[in-house]
Amino acid sequence: MHIAVLAGDGIGQEIMTEALRALDALGLGDVRYDHADVGGIAYKNHSHPLPGTTLELVKSADAILFGAVGDPDCDNLDAHLRPEQAVLGLRKELELFANLRPAKAFAGLEHISGLKPEIAGAIDLLILRELTGDVYFGEKGQRTNDAGRREGYDIMAYDEDEISRIAHVAFKAAQGRKGRLCSVDKANVLQTSVLWRQVVNEVAADYPDVELSHMYVDNAAMQLVREPGQFDVMLTGNIFGDILSDQASMCVGSIGLLASASLGTGTRGLYEPIHGSAPDIAGQGIANPSAMILSAAMMLRHSFGMEQEALRLEQAVAAVLAQGVLGFDLGGQATTTEIGDAVVAQLAS
Ligand code: IPM
Ligand code: MG
């Protein structure tokens, strides 16, 4: 198992340390970890957020563990040198078009949600977010319009092949779950969404066992807090999935709890928490490492086929939460290391 470890910026280093300790505690055998810079730290050390050496490493690795990127020191850099470009570049370079963002209530911890416990307790959904298209990667820039005013633009576009390949992933995911797929779009306004809906309907013909529905994104945002238990798999484009997954995390309880897997056609994947570098709390040892540890679990499952070990990690994180070892994000006092210690102790028990 050759794993590229890109801890990145802000709390990335702290939470990565705990994820690696948890992986060690599983006793996986022959694992090679290679560390490399990414994001703001890479810009500082190598003048680029995604240096060639880092790119070479990830291309030779079986899987990538990714912490977070984002550094206020870099706020004034040209767009192509900003830390965020590193994660966007990795997704694009490795063709990691399918982003899996599961959100599930933790049993006994329904009260940590901002929603009513009986509503939060029913959450068990998977956001399947397209990751290499949409306004993120369309033509973009700033220009002066005919009226002499500054204008910013980002083109939203999806071609049918991009839509159908993510739709296939979503239908297959639904088959492995409760068999329900809700495709989220804005087909009442956007032509991109009109095509999205058409193609998803075409792909549906291959999956008669999956119950497909469509929902406008504004309604989806509302339904996610009204009755999140109605969703099984939610298929979304890049920008809608970015927004809805942050929202789903707070429906569960904290953005510090949600993991993600970014996959392409092979088994190589990139695994990262859905939260960012949290510069406001970086270096204080109070970040919740759970999402990072759960991302490592997704890596074991999706890149290495180690379902048992993935479940052990996930159960350990859930058990630690159930014991009341809560980080500051959840109104508790447990530090990053204390949460990591508790997970390791749980794995040893
Ligand atoms: C995410 C993040 C990224 C995104 C940022 C850091 C570019 O918000 O993974 O959700 O927008 O995709
Ligand atoms: Mg996001």
Side-chain angles (χ1 to χ4, degrees), residues 99-129 170 173-174 176-186 211-236 239-260 273-276 278 280-281 286-295 297-298 311 313-334 338-339 342-343 346:
N99 186 216
L100 282 58
R101 300 192 158 186
K104 191 172 193 279
F106 289 88
L109 283 167
E110 296 77 11
H111 60 279
I112 65 178
S113 169
L115 306 179
K116 295 195 186 87
E118 64 275 17
I119 291 176
I123 300 175
D124 183 4
L125 59 88
L126 172 68
I127 295 180
L128 212 322
R129 170 188 176 196
R177 294 173 49 102
K178 289 180 224 138
R180 283 185 285 118
L181 177 62
C182 178
S183 176
V184 175
D185 64 37
K186 188 71 185 170
E211 187 192 314
L212 171 67
S213 59
H214 300 276
M215 197 179 276
Y216 296 140
V217 64
D218 49 350
N219 186 22
M222 187 268 280
Q223 296 295 340
L224 206 46
V225 288
R226 192 186 76 88
E227 196 200 338
Q230 71 186 280
F231 296 110
D232 181 17
V233 179
M234 297 178 91
L235 168 63
T236 77
I239 187 82
F240 297 156
D242 179 44
I243 298 166
L244 292 177
S245 57
D246 268 32
Q247 189 187 339
S249 75
M250 285 314 289
C251 295
V252 171
S254 160
I255 197 161
L257 296 174
L258 255 62
S260 87
I274 78 156
H275 62 68
D280 53 328
I281 59 162
I286 59 169
N288 186 344
S290 299
M292 188 71 242
I293 298 171
L294 293 170
S295 300
M298 291 191 87
L311 282 173
L313 262 192
E314 287 165 352
Q315 283 158 3
V317 170
V320 164
L321 282 168
Q323 286 158 20
V325 182
L326 302 181
F328 291 74
D329 56 323
L330 293 170
Q333 303 263 306
E338 282 164 358
I339 296 172
V343 171
Q346 186 63 34

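No experiment lies behind these values; they were computed from the predicted model shown. The analysis underlying the following values was restricted to heavy atoms, covering all of them including side chains, and did not include hydrogens, waters or symmetry mates.
- Between L115 and I119, the shortest heavy-atom contact is CD1-CG2, 4.1 Å.
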Would you please test L313 and V317 for side chain to side chain contact (heavy atoms under 4.5 Å, CB included) and show each step?
CA-CA 6 Å; L313 262 192; V317 170; 5.7 Å; no
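- Around the NZ atom of K104, the shell of radius 6.0 Å holds no more than 12 heavy atoms that belong to other residues, nucleotides or ligands.
- Atom OG of S183 sits about 10.5 Å away from atom CZ of F240, to the nearest 0.5 Å.
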Check the pair M222, N219 against side chain to side chain contact (heavy atoms under 4.5 Å, CB included), reporting the backbone distance first and the verdict last.
CA-CA 5 Å; M222 187 268 280; N219 186 22; 3.4 Å; yes
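- To the nearest 0.5 Å, the span separating CG on L126 from CZ on F231 amounts to 13.0 Å.
- With V233 as the fixed residue, the side-chain contact (heavy atoms from CB on, under 4.5 Å) test singles out one of L100, L212, L181, I127: L181.
- Pairing each heavy atom of S254 with each of D329, the nearest pair is OG-OD2, 2.5 Å.
- The main-chain N or O of C251 is found under 3.5 Å from a side-chain atom of S113 such that the two form a donor-acceptor pair.
- When all heavy atoms are compared, the tightest approach of L128 to A173 is CD2-CB, 4.2 Å.
- Taking CZ of F106 as the reference point, atom CD of E314 lies at 8.5 Å (rounded to 0.5 Å).
- Closest non-hydrogen pair, S245 versus I274, comes out as O-CD1, 3.3 Å.
- Counting heavy atoms of neighbouring residues, nucleotides and ligands inside a 6.0 Å radius, atom CD of E211 does not exceed 12 of them.
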Q247 vs V225, test: side chain to side chain contact (heavy atoms under 4.5 Å, CB included). Steps then yes/no.
CA-CA 8 Å; Q247 189 187 339; V225 288; 3.5 Å; yes
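- Distance CE/M234 to CZ/R180: 11.5 Å, rounded to 0.5 Å.
- Taken from OG1 in T236 to CZ in R101, the straight-line distance is 9.0 Å, to the nearest 0.5 Å.
- For Q323, the CD atom sits in a packed shell: over 12 heavy atoms of surrounding residues, nucleotides or ligands are nearer than 6.0 Å.
- Here CE of M292 is found 8.0 Å from NE2 of H275. Values are rounded to the nearest 0.5 Å.
- Counting only distance, with no hydrogens or angles, the side chain of E110 and the backbone of G108 share a donor-acceptor pair below 3.5 Å.
- Nearest approach of P102 to A259, heavy atoms of both residues: CD-O, 3.6 Å.
- Shortest non-hydrogen contact noted between A334 and V325 is CB-CG1, 3.7 Å.
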Show your reasoning for whether side chain to side chain contact (heavy atoms under 4.5 Å, CB included) applies to L321 and L257.
CA-CA 10 Å; L321 282 168; L257 296 174; 3.9 Å; yes
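- Checked options L224, L244, D232; the residue passing with L125 is L224 (criterion: side-chain contact (heavy atoms from CB on, under 4.5 Å)).
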